[in-house]
Amino acid sequence: MKVSMDNHSHSLSLWCRLGTAVAAVVLLLSAPLAAQYQMPPPDFGESYSLPTQSHPEPPSGWVNILDVALLASGLGLAAWLILKKRSRRGVVLLSIGALAYFGFYRQGCICPIGSIQNVALSIADPDYMISFGVLAFFFLPLAAALLFGRVFCGGVCPLGAVQDLVLLWPKKIPRKLDRVLGILPYVYLAAAVYFAIWSLRLTGGEEGIVVARRFLICEWDPFVGLFRIAGSFHMLALGAVFIIGGMFIGRPYCRWLCPYGGILSILSRFAWKNVKITPGRELDCGLCAEACPFGAIAGNRADRGACLSCARCYDSCPLHSKRVPGLVTIAQGPGRNGARV
Ligand code: SF4
Ligand code: SF4
């Protein structure tokens, strides 16, 4: 009887603690959410005039909460599909859902990639406030990368999804060229942070040249024009280049331009769990390296930084795809090496 009362009071105190924690979180979030519409636009300097708004007004607080909840669930689901289920089909379905919601429905407006600029500016300028939604979108995929690798890129990012879906005839890119181009995301990241915080004044000529503060990542987003079915000429043209190029080259924006991908690449090297091609669970025959369109497999092992968590390698493995009946038994038995022949 005493044990049962102890259990009862223990679960009561657990619920009290949970309730207090939820109330504290709601209170903490209410301030940034309420401040969202009072936030003045950053001062970009006199020579820059804000463009006419070509997308809907920011959504109300509950839509922001829904966005964050969907992002968090999407990350969890992606991690489960990629690392536990090793299901390429599941990843494709998830990324189609993410493309439909975050891409076309929300018009690419809530985006961890662009949030780099908001976060950088808010660090440099204490008067510039950012909302809970922007902070969550910036940090959640980074936290997920530390836990499970680039699961955001694999199943949740609409920009990654659109490139993945148009990849029809993947061609191999020489590894050296891939490595050199892989430096560009960091150059772009530095430029984006610089221009989000400061302007640039070049002396020369009569008056010199002034490049005002601007959000470069948003201005040059190649896919937002597609999501909104509208945009400036340069955005639409850039989108067309990446989509046509992306039919032959695996995710060119992700690999050679995306500044957020650059950060994710660094973090995923320290991930707790990641895509692994292990001799015990895979056949280790080299088919996965052929299937990876991003050159992320070297020596039959996935490169933690370059792997975009698409799960194609698992899909290509005869042990997982079950295309060769009986191979599982052969590969797991003493004659495993014979199965490679
Ligand atoms: S690299 Fe960038 S664009 Fe590509 S999937 Fe990752 S975050 Fe999205
Ligand atoms: S190693 Fe290549 S094929 Fe496998 S999940 Fe990573 S990016 Fe996809």
Side-chain angles (χ1 to χ4, degrees), residues 71 74-75 78-79 81-83 85-88 90-92 94-95 98-99 102-103 108 110-116 137-138 140-142 144-145 148-165 167 170 172-173 178 181-182 184-186 188-189 192 217 220-224 226-227 239 242 246 250-268 271 273-278 281-282 286-317 320-321:
L71 172 68
L75 290 168
L81 287 168
I82 297 159
L83 302 179
K85 300 299 287 178
R86 303 186 164 202
S87 164
R88 170 70 188 155
V91 172
V92 171
L94 177 63
S95 56
L99 176 62
F102 291 122
I110 32 156
C111 169
I113 308 165
S115 71
I116 293 172
F137 265 74
F138 179 74
L140 279 178
L142 300 183
F148 307 117
R150 297 174 71 169
V151 289
F152 175 72
C153 299
V156 191
C157 178
L159 282 72
V162 77
Q163 294 171 85
D164 220 283
L165 294 174
L167 180 57
K172 295 274 175 207
I173 301 296
D178 190 18
L181 292 173
L184 291 178
Y186 301 102
Y188 192 22
L189 175 65
I217 298 173
W220 292 92
D221 184 323
F223 302 108
V224 81
L226 171 75
F227 297 149
F242 274 104
R251 297 204 195 188
Y253 180 77
C254 295
R255 290 158 75 192
W256 305 319
L257 209 52
C258 177
Y260 196 73
I263 305 174
L264 289 172
S265 170
I266 293 173
L267 294 184
S268 68
K273 287 186 188 295
N274 220 323
V275 168
K276 270 193 188 138
I277 296 154
T278 36
R281 294 191 69 183
E282 278 74 44
L287 278 177
C288 53
E290 287 302 309
C292 179
F294 314 122
I297 297 181
N300 286 1
R301 297 291 169 264
D303 177 330
R304 285 171 154 246
C307 172
L308 291 168
S309 299
C310 70
R312 279 186 179 86
C313 46
Y314 295 143
D315 194 48
S316 72
C317 181
H320 291 288
S321 64

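Read the numbers this way: they start at 1 and go in the same order the structure lists the ligands and their atoms.
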Report the distance from atom CG of L287 to atom CG of N300, rounding to the nearest 0.5 Å. 9.5 Å

The single option from I217, I113, L159 that satisfies side chain to side chain contact (heavy atoms under 4.5 Å, CB included) with Y260 is I113

Counting from 1, what ligand 1 atoms have a heavy atom of Y253 closer than 4.0 Å? 3 (S)

Number of protein N, O or S atoms [distance to atom 6 (Fe) of ligand 2 under 2.8 Å]: 1

Backbone, side chain, both or neither: what part of C157 comes under 4.0 angstrom of ligand 1, heavy atoms only? side chain

Protein residue, atom and distance nearest to atom 4 (Fe) of ligand 1, heavy-atom basis: C254 SG, 2.2 Å

How does R251 reach ligand 1, by side chain, by backbone, by both or by neither, if only non-hydrogen atoms under 4.0 Å count? side chain

Could you check whether any side-chain heavy atom of R251 comes within less than 4.5 Å of a side-chain heavy atom of L167, counting everything from C-beta outward? no

Taking NZ, NE, NH1 and NH2 as the nitrogens, is one of them in K276 or D303 under 4.0 Å from a carboxylate oxygen of the other? no

Check whether any side-chain heavy atom of W256 lies under 4.5 Å from a side-chain heavy atom of D178, and answer yes or no. yes

Between R86 and L81 (side chain of the first, backbone of the second, donor and acceptor by atom type, cut-off under 3.5 Å), is there such a pair? no

What atoms in ligand 1 come closer than 4.0 Å to a heavy atom of R150? 1 (S)

Can you find a pair of side-chain heavy atoms, one from C307 and one from F294, that are under 4.5 Å apart? no

Check ion pair D164-R312 (N to O, under 4.0 angstrom): yes

Using only atom types and a distance under 3.5 Å, with no angle test, would you say the side chain of Q163 pairs donor to acceptor with the backbone of G250? no

Quick one: nearest non-hydrogen protein atom to atom 2 (Fe) of ligand 1, plus distance? C258 SG, 2.3 Å

Who's the nearest protein heavy-atom neighbour of atom 7 (S) of ligand 1, and how far? F152 CE2, 3.6 Å

Tell me whether ligand 1 is touched by R255 - counting only heavy atoms on the residue side and a distance under 4.0 Å. no

Give the atom numbers and elements of ligand 1 that come within less than 4.0 Å of a heavy atom of G160. 5 (S)

Any donor-acceptor pair under 3.5 Å from Y186 side chain to G262 backbone: yes

Sidechain-backbone polar pair: S265 side chain, G305 backbone, donor-acceptor under 3.5 Å: yes

With atoms numbered from 1 as shown, which atoms in ligand 1 lie under 4.0 angstrom from a non-hydrogen atom of L159? 3 (S)

Quick test: of every protein heavy atom, which one is nearest to atom 6 (Fe) of ligand 1, and how far off is it to 0.1 Å? C153 SG, 2.4 Å

